[in-house]
**Q** 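Quick one: the structure is below, and I'll ask about it shortly.
One-based numbering, in listed order, for ligands and for the atoms of each.
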Amino acid sequence: MVEGYVSAVIDLPFARSKLVSADRIIPYLRRIDASRWYSNNGPLCVSFQERLATFWGLKAESVALTTNATVGITLALNAHGIKPGLRCLMPSWTFVASAAAVTAAHLLPSFVDVLPDTWCPDPDHLEQLAKEPDVGAILIVVPFGAPVDLSVWDALAARVGKPVIIDAAAAFDTLRHDGPMPVPACTTVVSLHATKVFGVGEGGVVLSRDTELAERVRLLTRFGFNGGREAMCPGGNAKLSEYTAAVGLAGLDEWSDTRADWLNTGALYHQALPQPIRDTLWMGPSWATSTLSLRWPGRASTLASALASKGIGSVAWWGQGCHAQKAYAGSRAEPLPVTTQLGQSVLGLPFMRDMSTQDVERVSAVLIEEWAKTCTD
Ligand SMILES: *Cc1c(COP(=O)(O)O)cnc(C)c1O
């Protein structure tokens, strides 16, 4: 569970995940009983990989399943063969897992600021910085799953000749084959964590149109074994088990209903709020999200306290940015004025797929009241 701003008694939490029910999973579990195949790319993982590939409009060989997205990002960086000790340019404005994944790949996070409208770095600035010889890679984050033009990053990778990895952890739906953000040429990683829009508990997926690259990632998830028992490279163990694949397959069976639920909660907020507040919401009609952050004109902490006093939870999903956290305080960083501003003003509201109209209206009432105060102060 993520720690939010909690002081008063909270009876409306900021998140309450709801994954596919046990009843829906059981038929798949029975297949595991019958096959007695529990891990190591069993039939359910094969099927899950194929169905995910179809969902994103890719070949099955372009998909590599991993234990979670944090490990997926590390393995994606490893698969690109970047020399240890080099810097990885990345936004500070992301979940701390991004920086942890870079560090685990033996690279040094080197933080850059983001643009206020896209919450992504400025490509021209990155191009300048990426020319430094001690820069080995670039990590771009798709902010909370919102569609961004990923072709910009494909072009940057080609220009600077260094790998760009896309942390698209929250973009499961945004990347769908007929969605608003096609899978780019750059290696891309999606999370299947319980808090994400399509959750299986713990799980991650690395996507690469370069099937050899995807195969290198798969090799790294299974000790470097390539059919035999000789390690071809020093890989670890990051395989998904058949049990997780069972949850994933059952979840995909009902994905269209799950997606409709998420979009419905977004629509309820849309209906409950006046235009100026609506404009601050980080969501859109063409992509399903499991989090709803808003960019508040005042201080997020003031709004959080007002919500808490009414028993409503909220969360600063990305805190003040990675550079503000103890583990990364010593990391190299460009000036980060926008990140600092976002850290002070962005707040995650209660958002769940089965949220009632009453609960949405309860949150909205506080927003409307606080908006009036903030905008007359
Ligand atoms: C959720 C998230 C991750 C981590 O994904 P896991 O599957 O939990 O490891 C990484 N980056 C971002 C931006 C995320 O939102």
Side-chain angles (χ1 to χ4, degrees), residues 1-4 14-15 17 19 48 52 63-78 88 90-105 107 109 111-112 114 118-121 138-148 150 153 164-175 181 186-207 217 221 236 238-241 244-245 247-248 251 262 282-283 287-293 315-323 325 327-328 339 342-343 346 348 351:
M1 209 55 198
V2 184
E3 217 177 303
F14 57 80
S17 299
L19 271 54
F48 189 37
L52 287 171
V63 170
L65 304 174
T66 60
T67 45
N68 58 59
T70 308
V71 165
I73 295 165
T74 301
L75 297 187
L77 288 162
N78 288 341
C88 179
M90 60 173 292
S92 172
W93 183 237
T94 180
F95 181 46
V96 75
S98 316
V102 165
T103 308
L107 301 173
F111 297 120
V112 300
V114 292
T118 61
W119 294 3
C120 275
I138 299 168
L139 183 78
I140 296 298
V141 179
V142 177
F144 299 101
V148 291
L150 295 179
W153 306 113
V164 177
I165 307 294
I166 311 290
D167 175 351
F172 175 88
D173 182 62
T174 320
L175 289 162
M181 187 175 72
C186 292
T187 308
T188 299
V189 186
V190 176
S191 171
L192 307 180
H193 187 257
T195 51
K196 301 298 201 270
V197 80
F198 177 75
V200 300
E202 291 282 356
V205 197
V206 179
L207 312 178
V217 172
T221 67
K239 295 179 260 83
L240 212 65
S241 91
T244 303
V247 178
W262 286 123
W282 196 256
M283 65 175 186
W287 51 287
T289 172
S290 64
T291 60
L292 178 57
S293 285
V315 60
W317 285 108
W318 291 351
Q320 307 298 303
C322 294
H323 74 285
Q325 308 210 12
Y328 304 102
T339 301
L342 293 174
V346 173
F351 203 73

**Q** Could you tell me, for ligand 1, which of its N or O atoms are under 3.5 Å from any protein N or O, listing the pairs and their distances rounded to 0.1 Å?
**A**
| unit_1 | atom_1 | unit_2 | atom_2 | d |
| --- | --- | --- | --- | --- |
| ligand 1 | 5 (O) | Ser191 | OG | 3.4 |
| ligand 1 | 7 (O) | Ala69 | N | 2.9 |
| ligand 1 | 7 (O) | Ser191 | OG | 2.7 |
| ligand 1 | 9 (O) | Ala69 | N | 3.3 |
| ligand 1 | 9 (O) | Thr70 | N | 2.9 |
| ligand 1 | 9 (O) | Thr70 | OG1 | 2.5 |
| ligand 1 | 11 (N) | Asp167 | OD1 | 3.3 |
| ligand 1 | 11 (N) | Asp167 | OD2 | 2.8 |
| ligand 1 | 15 (O) | Lys196 | NZ | 3.1 |

**Q** Looking at SG of Cys120 and CH2 of Trp93, how far apart are the two atoms once the value is rounded to the nearest 0.5 Å?
**A**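 Spacing of SG (Cys120) from CH2 (Trp93) equals 12.5 Å.
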**Q** Please name the pair of heavy atoms, one in Thr66 and one in Thr221, separated by the smallest distance, quoted to 0.1 Å.
**A** CG2-CG2, 4.0 Å
**Q** Ser92 side chain to Cys322 main-chain N or O, any donor-acceptor pair under 3.5 Å?
**A**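 Yes, Ser92 side chain to Cys322 backbone: donor-acceptor pair under 3.5 Å.
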**Q** How long is the gap from OG1 on Thr289 to CZ on Phe351, to the nearest 0.5 Å?
**A**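 Spacing of OG1 (Thr289) from CZ (Phe351) equals 6.0 Å.
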**Q** What donor-acceptor contacts under 3.5 angstrom involve side-chain atoms of residues 96-105, with partners at least two apart or in another chain?
**A**
| unit_1 | atom_1 | unit_2 | atom_2 | d |
| --- | --- | --- | --- | --- |
| Ser98 | OG | Thr94 | OG1 | 2.7 |
| Ser98 | OG | Phe95 | O | 3.2 |
| Ser98 | OG | Asp167 | OD2 | 2.7 |
| Thr103 | OG1 | Ala99 | O | 2.8 |

**Q** If you round to the nearest 0.5 Å, how far is CG of Leu240 from OG1 of Thr67?
**A** 7.5 Å
